[in-house]
Amino acid sequence: MFLMVTGVLSPNEAFVGFANQAVFTVGALFIVAAGIQKTRALSFLEKAVFDDKASLRTVLFRMMASTSAMSAFLNNTPIVAMLIPQIQEWADRTGHSASRLLIPLSYAAIVGGVVTLIGTSTNLIVSGMLTDRNYEPLGLFELSWIGLPAAIIVLIYFYLIGYKTLPGSKKRETNENQKVNGYQFDFEIPKGSNLSGLTVEEAGLRALDQAFLIHVVRQNHTIGPIGPGFLLEENDILTFIGELKYIDELAIRKNLIRSAPILDVAANELPLFEAVIAPTSFLVGKTFKEIEFRERFHGVVVGIQRRDEQIKGALGNIPVKAGDLLLIEAKSGFEEIYNNDKDNFYLVTRKGVRDFQTNEKASIALAIMLVMIGAATLGLMPIVTAALVAAIVMVLTGCIKKGQILGAVNIPILLVIAAAIGVGQAIETTGIAQISASFIIGQTAGWGIVAVIISLYLITNLFTEVITNNAAAVLMVPIALAAAFEIGLDSHAAAVTVAVAASASFLTPIGYQTNLMVMGAGGYKFTDYLKAGLPVTLIMLTVTVLVVMWKFV
């Protein structure tokens, strides 16, 4: 806006980013990634990677290889978010250190994003800026010449040496009598479950981040508190306290079934409501089974919270008290009906939607993604068209619901991308790009083209560590193209150098979102990123320069 008001950019130039195909491609890929996530299409990898009998290095190798492969085609943030709790649980079960896996997880996701054009939004921005300047866009696998060997070398480095540079922190300490805030939920261990016969610790139900197993109901007897050596059996009802979303995800991973009845079997999501029990309510002193809550109120109590008191017993057998906060799964309109029932409920408010993730359409979601990749690879349609079609088909097939689209698309990122492209236009318009390019060439005179490529990489990489990867790419693409034109370097040589350097943030936790995500979970310090990230940065720089000099010069 400032650039437009001051006359540096015309309105058309300021808003050109909103018409850039990178914005539409990234937005569509958000929906495709959400479809994969909602259907749990990649859940099969969890069992394949986290084998309790495998060594730390074996799990490290499998985890990094699968993460890089997934990140080459999907947004890496949800991938890392999905694997963090898996790593922590595996580490707790086996006695290994999660801190020796979490930075490698982030780095594998970052390097994997450089393997293909759709691996990160940064790659798409660079390609879109090439198109805007009448250059050929980057090919889907053009970056693979750098990304694939780099990913392999980084994986081998961590497998042989790199994991030793990371802190080997002890297992997470837990207090068996800890007080965890949240609702109380019941889940049952089904017949044939692989949890039967395992201890709580072996089953990965101890040292959870946002939940706590408070007791177990077995044959109508409540057992608790539960220690790490408690043996689980089929049909045990496990009572957790914590956040609904986390506990739902935990139940899916452990194949637990909800103890509360299902209101609508056909629904993939249902509204949630919070209701506070009034002292005058006829529910006080009665259990939900006695009340026949589902039949009377057309809703299901899926959780209960009681102030300053730990509730014992299965959810359906708990006598209700005044002031109890109920989490109710019901159809739309529930709050309008029962907010007026002040005799029974102080207050009824809508809390959101409970999303029932399922893998029933996992094969459909995977097929859509593979067809999208195939269509773009074979040149049947541009990547932006393939991504948009894939996103639409994800919605039409029910892999992602219409109401989930807005939540899947990261609007702030799209706005930043669009606005940043306008800033890139200003860098050219004001002559900053040409001045900066001439300065770089002047400083590297006598060292040849390789010195220019190294300079472009290092400057871009410095920007990405202190601002963001997308902003670094937008700032450097005009400068890199101007430098390439001045010395007769191929435009794609400059573009891929900037694209890789902008994504290669390994030295700080703030340069890339996944680095920050693993920082708290791994208990890392800034210096841990420097020690682990410097060799990876040098690997990426070396591979990039060698490939660019071989393939483009």
Side-chain angles (χ1 to χ4, degrees), residues 37-54 59 62-63 66 78-79 81-96 98 101 171-172 174 176 178 180 182-218 223-262 268 302-303 314-315 327 354-360 362 521:
Q37 184 182 16
K38 298 290 184 184
T39 57
R40 292 186 56 79
L42 300 175
S43 60
F44 66 92
L45 287 173
E46 297 172 10
K47 293 181 180 179
V49 171
F50 299 103
D51 182 356
D52 288 358
K53 297 179 181 178
V59 170
R62 293 174 181 173
M63 179 269 295
S66 58
I79 293 171
M82 175 185 76
L83 291 177
I84 286 174
Q86 293 289 327
I87 289 172
Q88 291 177 318
E89 289 173 19
W90 179 83
D92 289 332
R93 292 196 307 269
T94 59
H96 289 292
L101 295 171
K171 283 182 64 176
R172 291 182 292 169
T174 57
E176 296 302 328
Q178 65 182 315
V180 179
Y183 283 98
Q184 182 171 312
F185 304 94
D186 287 350
F187 287 91
E188 185 177 345
I189 298 178
K191 290 183 179 180
S193 171
N194 56 8
L195 298 183
S196 180
L198 298 181
T199 66
V200 168
E201 187 166 19
E202 291 170 340
L205 297 175
R206 186 171 178 262
L208 301 171
D209 280 336
Q210 300 172 46
F212 182 60
L213 178 61
I214 54 176
H215 60 250
V216 173
V217 178
R218 180 176 294 166
I223 307 169
I226 302 298
F230 181 84
L231 280 172
L232 301 171
E233 296 181 4
E234 291 180 353
N235 302 318
D236 280 351
I237 296 176
L238 311 181
T239 301
F240 295 93
I241 187 169
E243 292 298 321
L244 174 64
K245 184 177 180 181
Y246 180 86
I247 293 177
D248 271 349
E249 291 172 353
L250 176 69
I252 291 169
R253 293 201 306 270
K254 302 299 180 183
N255 292 317
L256 301 172
I257 57 175
R258 53 185 282 177
S259 181
I262 298 174
N268 286 324
V302 295
L315 191 61
L327 188 64
R354 191 178 194 184
D355 179 20
F356 300 107
Q357 292 187 353
T358 173
N359 59 5
E360 291 178 359

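Values reported hereafter were calculated over all heavy atoms of this structure, with side chains retained and with hydrogens, waters and symmetry mates removed.
If you take CG on Leu205 and CG on Leu238, they are separated by 6.5 Å, rounding to the nearest 0.5 Å. Taking CG from Leu231 and CG from Leu198, the interatomic distance works out to 8.5 Å, rounded to the nearest 0.5 Å. Here the CD1 atom belonging to Ile223 is positioned 11.5 Å from the CD1 atom belonging to Ile237, to the nearest 0.5 angstrom. Separating the CD1 atom in Ile257 from the NZ atom in Lys191 is a distance of 10.5 Å, to the nearest 0.5 Å. To the nearest 0.5 Å, atoms OG1 (Thr199) and CG (Leu232) are separated by 7.5 Å. Remark: Met63 CE to Leu101 CG distance equals 5.0 Å, nearest 0.5 Å.
Looking at every heavy atom in both residues, Thr39 comes nearest to Ala362 through O-CB, 3.7 Å.
In this structure, Phe50 and Trp90 have tilted ring planes: the angle between them lies in the 30° to 60° band.
Residues Leu195 and Leu256 have side chains in contact (heavy-atom distance under 4.5 Å, counting atoms from C-beta outward).
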Phe230 vs Leu213, side-chain contact (heavy atoms from CB on, under 4.5 Å): CA-CA, chis, key distance, verdict: CA-CA 11 Å; Phe230 181 84; Leu213 178 61; over 6 Å; no
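Taking the salt bridge (charged side-chain N to carboxylate O under 4.0 Å, His left out) definition, one finds that Arg218 meets it with Glu233, Asp236, sequence neighbours left out. For Asp51, the side-chain contact (heavy atoms from CB on, under 4.5 Å) partners two or more places apart in sequence, or in a different chain, are Lys53, Ala54, Arg62. Glu234 pairs by the salt bridge (charged side-chain N to carboxylate O under 4.0 Å, His left out) definition with nothing, not counting sequence neighbours.
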